[in-house]
Amino acid sequence: STLQSKNQEKDKEEKEDKEDENKEEDNGSQQNRTSRRKNYQRRNGDEKKARGERSQKRDRGKTAPNKDQKESENKEKKTMKRGKEGENKQKKDRKNSISSSSNSSDEESLSEEELAMLKEQVEQKKKLISTMRNKPWRMVKKLSVLREAQDFVEKFEGALGKGKGKKLYAYKMMMAKKWVKFKRDFENFKTQCIPWEMKIKEVESHFGSSVASYFIFLRWMYGVNLVLFGLIFGLVIIPEVLMGMPYGSLPRKTVPRAEQATAMDFSVLWDFEGYIKYSALFYGYYNNQRTIGWLKYRLPMAYFMVGISVFGYSLMVVIRSMARNANESTADGDDDNFIFSWKMFTSWDYLIGNPETADNKFASITTSFKESIVDEQESNKDENIHLRRFLRVLANVLIICCLCGSGYLIYFVVKRSQTFSKMQNVGWYERNEVEIVMSLLGMFCPPLFETIAALENYHPRIGLKWQLGRIFALFLGNLYTFLLALMDDVNEKLAEEDVVKNITHWTLLGHHNSSAGNDSTVTPRPLDPADVPRGPCWETTVGIEFVRLTVSDILVTYITILVGDFIRACFVRFVNYCWCWDLEAGFPSYAEFDISGNVLGLVFNQGMIWMGSFYAPGLVGINVLRLLTSMYFQCWAVMSSNVPHERVFKASKSNNFYMGLVLLILFLSLLPVAYTIMSLPPSFDCGPFSGKKRMYDVIQETIELDFPLFVAKIFSYVANPGLIIPAILLMVNFTNTSRTEYKPHRRVLANISFFVHK
Amino acid sequence: MFTSSTCSLLRDQNTVLGVTGTTFCPEQFMNQYFQLFFYCLFLLVYRLHGRYHEMAPNVVPMDYTKDPDVKLPMQLIINMPELKENPFKERIVASFSEDGEGSLSFNDFVDMFSVLSEMAPRELKAIYAFKIYDFNTDNFICKADLEKTLNKLTREELTDEEITLVCEKVIEEADMDGDGKLGFADFENMISKAPDFLRYSLGNQVYQQKPF
């Protein structure tokens, strides 16, 4: 014990543990006895004995014979009091004392080979500790084995670093432990920071995991949009607002004289004209100065790069999410080999904690079993294949007609709105006709598709996929028709531009001459920015259209929820007392939460944001607000007005299916933006690229003026299509393989490990 | 996909006991729990102790430093709101108990929630799922086990022929070695291909507030 106290004073770490040390003197002595015994064996044995003893230890760890079990249980009970760290320090202390006392006598017995073996054993024990939680043993056994392994590691770890490197090794070990602890605390902190966790769990316990998965998806979208907003706001909007020219100094930043009278009217602002049009929200506000402010911030370059990185970041995040899902989910969900087995073992939702939901779940499981039984019994029956095929073809024809009809309707309406915009005195309906029609189509076509699909008589899971595919086609068709009509508009504006350019030129000339007419020495008074004739600025128009579409989509969604869910629920609840039939059981009853409709709506909304954010930087901010309010609003609506699904329907593998949709929409929304950037000339008097021939010229300009010469040469070599195409193919391959490489290994490992430990 | 954590217990108002309890869980103790459980949340173990304590306040001590040998009987545990509605609650608790009768010590209790959490791997869950569905604990899921499972799932609403048909179909589908019952290998093979195993069953047991 005197040796112990001496080392205590020497070692800095032991200072904290003095109290612990004093408290557990008796335990310390017991520990001492056991560790001294082990050390005696080690010291006095030759290689064979040592090996035998080590294998004994290994067996002890696995099978726990009585004496050792008691010993370890004792250890366990006493160490529970202290806690690991105190014990660690004690052990280190004892180790140090032992090692220092036996240093001289030990160095011969621990040869290189023994050292290597010892190291291997320590590594083994460490591995055992790290995989301990995956073993299906009883807690008592786990605790004892863990104790054993930890003791072993602690004891011999220090001994490994002998001689000169000992202090450094011990220090390294200590730092590694501190790092692990820090990482763990950080993980704890991160999990506590996840927002809305409680809300989602509440929804989950009442409605099951499928409804909650929509909210989790919504939360994920919110995160992505928040990052995009941060990018755009921090790198584009703030620099322009802080360091660029203020409002009113340039023609592009000022409301034209003709519009100034009505610029503050609410109806004008609601249409995103007036002061809003000439604000940092839209493309037209930004100046094309190459550098702004004292920081020499290259705004046009930043605008372009942020626009590209919005897509790049979204792509990266979506692919990463898909890869994570692919790891968790299994192969083909359409595997029909285990229908009954899966129904039996995986149909109960362990998350359900609410009696009403549980009742529904029991009922739906029973119904599902009965259906499968009926299917099984009828599988030998003769069916009229021809009739079924005819009906399916008929249904598809009808639906294609609907899709074409809706596409044409939108085209017609957009064309009409162009003629309206030229008229004076347009009513509210005429102004917003496009958005209203698009929203109404989105609301009424899906139920129509479902009714027609009743002709087809598919298995419900397949039927759901068809339904989702059709809704997807509907939204896509609508969006692209809208874009085509918009493109017509843009081309018209481009034609108009030439005319306006001339007018502007002559007006300015005229103004110069008139103001300098009398006195040639006086410098001409500059023309008030509000009076300068303006170009049509097609980019801002496009931005405005997207913002309007998004806002109307938001409003329609909220009103649908309010009326379709809440008012309906109120009506059913309160009018039921004085109504002839039971409103709750029959029509209309309470609404169920439409998962696929909501998810699709969210995905398409995001597609519109991606398309519009290049021309209206403020759009992402609007979307962030929308998602935030959506989360609270929809959670409230679901809890107050919806009932759990009667037929609990989970489209299997739905997670990756929705992610796949998001990816598809991302590519499809990238196309129009890329097209306009590559092939349309920017407006001559508005936006950060005004005056250039093409928007991407800004890159060339930056490379020429800001980078040294050789960089320009490198870029001209790299921008060869022959190099870019293989690079893209390689990237696609890489993402595909990284998604699929984990699956086979894990299953094999799992099987092997189970049999080894059984 | 979107991994969600299981910290709903953080906001449970009833665990003032656990948090202000003086000597339950010193920081150093957490190292041990960290190795053994899938929760590394410090507070979560406090919460768990609070819940465990309030099930039987007279029996479960607040002070765990002397490592009391306290076990709660199955009846108390299956009344927890998280388990109450589950048709397999007795089997779940029995699978995690030391004596197979369903009495859980605190360590077993935490172990149960740890395995049922989202962070536990699929392989471990499959092992426990097999134990749960094996009613007669003979390491095989035989026809009688299947019948019991089915009755629990449907609350005995199916007729006898329907039950027989389903059980026969299950054995036909999943039994690979032809012994007329499901061994663990058969079960694992079948469950590993199931798309919903991780997400719905045994996948995401979560702590909840008392139902309102």
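Heavy atoms closer than 4.5 Å to chain A are found in both the backbone and the side chain of L146(B). Looking at F88(B), only its side chain comes within 4.5 Å of chain A, counting heavy atoms on both sides. For chain A, the nearby part of K152(B) is the backbone; its heavy atoms alone come within less than 4.5 Å.
Note that the CZ atom of F362(A) and the CD atom of E85(B) stand 7.5 Å from one another [nearest 0.5 Å].
Scanning all heavy atoms of the two residues, the minimum distance from S95(B) to R138(A) falls at O-NH2, 2.9 Å. Counting all heavy atoms, side chain and backbone alike, A174(B) lies closest to F338(A) at CA-CE2, 4.2 Å. Nearest approach of F345(A) to Y133(B), heavy atoms of both residues: O-OH, 3.1 Å. Closest approach of S341(A) to M190(B), counting heavy atoms only: CB-SD, 3.6 Å. Shown here for P87(B) and W348(A), the closest heavy-atom pair between the two residues is CD-CE2, 3.4 Å.
Looking at heavy atoms from C-beta onward, K169(B) lies out of side-chain contact with S372(A) at the 4.5 angstrom threshold. Side-chain contact between K142(A) and D111(B) is present, with heavy atoms from C-beta onward closer than 4.5 Å.
Residue D99(B) places its CG atom among more than 12 non-hydrogen atoms of other residues, nucleotides or ligands, all under 6.0 Å distant.
In terms of heavy-atom pairs under 4.5 angstrom with chain A, the leader among L153(B), I171(B), T154(B) is L153(B). Counting heavy-atom pairs under 4.5 Å between each of T149(B), L165(B), L158(B), V166(B) and chain A puts V166(B) at the top.
When the salt bridge (charged side-chain N to carboxylate O under 4.0 Å, His left out) test is applied to R155(B), the partners found at least two apart in sequence or on another chain are D359(A).
If you check the side chains of E157(B) and T366(A), you find no donor sitting under 3.5 Å from an acceptor.
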